[in-house]
Number of protein chains: 2
Amino acid sequence: MQTDLQIAKQSATLRVKVEETLRQAIASGRFKPGQRLVERELCEMLGVGRTSVREALRQLEAEGIITSYPHKGPVVSTITYEEAAQLYTVRALLEGFAGQQFAEHGTAAEIATLQAAVVEFEAAAASGVGARLIKAKNVFYDCLMDGSKNAFVRQMLTSLHNRINLLRMTSMTQPGRLAHSIEEIKEIADAIKNRNGPLAAAACKFHIDQAAKVALEYLRKNTSDTP
Amino acid sequence: MQTDLQIAKQSATLRVKVEETLRQAIASGRFKPGQRLVERELCEMLGVGRTSVREALRQLEAEGIITSYPHKGPVVSTITYEEAAQLYTVRALLEGFAGQQFAEHGTAAEIATLQAAVVEFEAAAASGVGARLIKAKNVFYDCLMDGSKNAFVRQMLTSLHNRINLLRMTSMTQPGRLAHSIEEIKEIADAIKNRNGPLAAAACKFHIDQAAKVALEYLRKNTSDTP
DNA sequence: TCAATGCAGATTGTCTGACAGCTTTTGTCG
DNA sequence: CGACAAAAGCTGTCAGACAATCTGCATTGA
């Protein structure tokens, strides 16, 4: 495992590292939605040539987290209310599917891993450390996606998560939301443990729908506030 | 409309044209799965510099229709039996969703367009012209994806269609399959016309499952034949 | 004063040439 | 015949250059 990661990082081409760095920078809010990404600045900032930067940008563009306009260059993608609504809809669909597959075909070991992730998420929430919470949530979703046993679902959900990341920090920091979130996640894990496919799907869908409600409400207010 | 398209094609950057050309070349079988794509050859073939080719390749890689290995270069993606099965599964899920949305929220105009597409598909099948058939099918799916009213579903399905294209020609040329295919498509359009969401979803899922059955059977035979 | 025009700066899109590094193949020697 | 070294073929990356294009600002004309 460890060596795998190390080897992966070593043999990773420069372009991939740039990709990861930029993805991280965007996810962490270092670059904000709508902000222009000027090639030369990125080159200096990262200490690499234009080739690597441009190819990395193409990749991020394909993933949808940046948008480029011809002869104007790329900007960090913004997300409209309608897009966010659509995004959460399809996310609910796919995660519901993943949950159902997990419940019906997951191994005992996978279920154990999932439950451990829930426990860690709870602990992270109690600790109040934001970074730990995000990490725990990522572990949980990673596990859930693995449970779908479907590489395409995994890939699509990863892409959706990346695009929603800018909003997700919102939906989790809303007062009272976190406690509900924990309960919903427990429901998911329980349904999976009990091998109840439809219930697992419903629990996943419910969880996303709740998150969507909060995020969309926030988005609605903020987009009308700043015309 | 026309001017829009013309302007779009004019202002398209070279890179995008290369993308489209390569996508087409792969979809049409000009480049076969597993085949290496050597940069210099592509440059000569297309008459463009390495920059444009490499950036286009990154895009196609992100879409999954080519795969690159570090320091070895890109090859046209191959698809294993398991991957194909997963692909059809998620496609059934998404198209089922699209069909349901269409039935429940599609406009009368959209339904009329869909029905026209069905008629054209039938005519194309009767004509026996392969190209016309493929075009008709694409129109039908385009219409169906629009009906989902969800840009993400549309994008994901487009990507899946691209990746499945190499197999799709198979599943449609199987003897007897085409007649069934027409019937299934009619079922879909009927369910949508009658505003029956669940039935539309089921019809879409059934259609894909049938296509999957044929394609997977073919794939199973061919992959075990050529070790 | 204000709108239209036009120029200058900034940035992207693309090409060329170059070179190191990794893979694969070839060739040679024990 | 096998191992090891040399060579060839590509990719990954950089730097520099230049045309095309966008944008903001200044100039000009009504």
Side-chain angles (χ1 to χ4, degrees), chain A residues 3-4 6-23 25-26 31-32 34-78, chain B residues 3-23 25-26 31-78:
Chain A
T3 49
D4 237 41
Q6 278 188 350
I7 289 174
K9 284 208 173 177
Q10 274 183 0
S11 81
T13 61
L14 195 51
R15 184 193 90 231
V16 174
K17 287 185 206 163
V18 172
E19 258 174 56
E20 287 169 4
T21 305
L22 290 180
R23 219 194 312 272
I26 291 173
F31 296 130
K32 301 206 172 71
Q35 181 176 342
R36 284 186 63 183
L37 298 174
V38 181
E39 284 180 14
R40 208 171 314 165
E41 291 175 11
L42 299 177
C43 292
E44 288 176 19
M45 189 177 307
L46 299 164
V48 300
R50 274 179 80 195
T51 309
S52 305
V53 167
R54 285 182 63 88
E55 290 189 21
L57 288 175
R58 291 284 90 73
Q59 173 77 27
L60 299 184
E61 184 184 357
E63 290 174 24
I65 68 183
I66 68 172
T67 309
S68 2
Y69 304 94
H71 297 286
K72 290 175 69 175
V75 301
V76 179
S77 293
T78 56
Chain B
T3 48
D4 238 40
L5 285 177
Q6 278 186 351
I7 289 173
K9 284 208 172 177
Q10 274 182 358
S11 81
T13 62
L14 197 49
R15 185 192 87 232
V16 174
K17 287 185 205 161
V18 172
E19 259 174 55
E20 286 168 5
T21 305
L22 290 180
R23 217 193 313 271
I26 292 173
F31 297 129
K32 302 208 173 72
Q35 180 175 342
R36 285 186 61 184
L37 298 175
V38 182
E39 282 179 16
R40 212 168 313 166
E41 292 175 10
L42 298 179
C43 292
E44 290 176 18
M45 189 177 309
L46 298 165
V48 300
R50 273 179 81 197
T51 310
S52 305
V53 167
R54 285 181 62 89
E55 290 189 20
L57 289 175
R58 291 285 90 73
Q59 173 76 27
L60 300 183
E61 184 184 357
E63 290 175 24
I65 68 182
I66 70 173
T67 309
S68 7
Y69 304 95
H71 296 285
K72 289 175 71 174
V75 301
V76 179
S77 294
T78 56

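The chains referred to below are lettered A, B, ... by the order of the sequence lines, with proteins before strands, and numbering in each begins at 1.
- The list of side-chain hydrogen bond (donor to acceptor under 3.5 Å, both in side chains) pairs with a residue in residues 41-52 of chain A, not counting sequence neighbours, reads A:E39-A:R50.
- The minimum heavy-atom distance between A:P74 and A:L57, with the atom names listed, is CG-CD1, 3.9 Å.
- Atom-to-atom distance recorded for B:T13:OG1 and B:E19:CD is 7.5 Å, nearest 0.5 angstrom.
- Remark: P of D:dT11 and CD of B:E41 are 9 Å apart, rounded to the nearest angstrom.
- The nearest pair of heavy atoms linking A:Q59 to B:R58 is OE1-O, 4.1 Å.
- One finds the CG atom of B:L60 at 11.0 Å from the OG1 atom of B:T67 (value rounded to the nearest 0.5 Å).
- Between A:R23 and A:E63 the shortest side-chain heavy-atom distance falls below 4.5 Å.
- A heavy-atom distance below 4.5 Å is not found between the side chains of B:I65 and B:L22.
- In this structure, B:A62 and A:A62 approach most closely via the heavy-atom pair CB-CB, 3.3 Å.
- In this structure, A:R40 atom CZ and D:dA17 atom C1' are separated by 13 Å, rounded to whole Å.
- Along DNA chain C, read 5' to 3', the first and last nucleotides having any atom under 4.0 Å from a heavy atom of chain A are C:dT11 to C:dT14.
- In this structure, B:L42 atom CG and D:dC10 atom P are separated by 12 Å, rounded to whole Å.
- If you check every strand for non-hydrogen atoms under 4.0 Å, B:L37 touches sugar and phosphate atoms only.
- The separation between A:K72 atom NZ and D:dT21 atom C1' is 11 Å, rounded to whole Å.
- Backbone-only engagement by B:R15 is indicated by non-hydrogen atom pairs under 4.0 Å involving sugar-phosphate atoms exclusively.
- Residues from residues 45-56 of chain A placing a heavy atom under 4.0 Å of any atom in DNA chain C, listed by number, are A:R50, A:R54.
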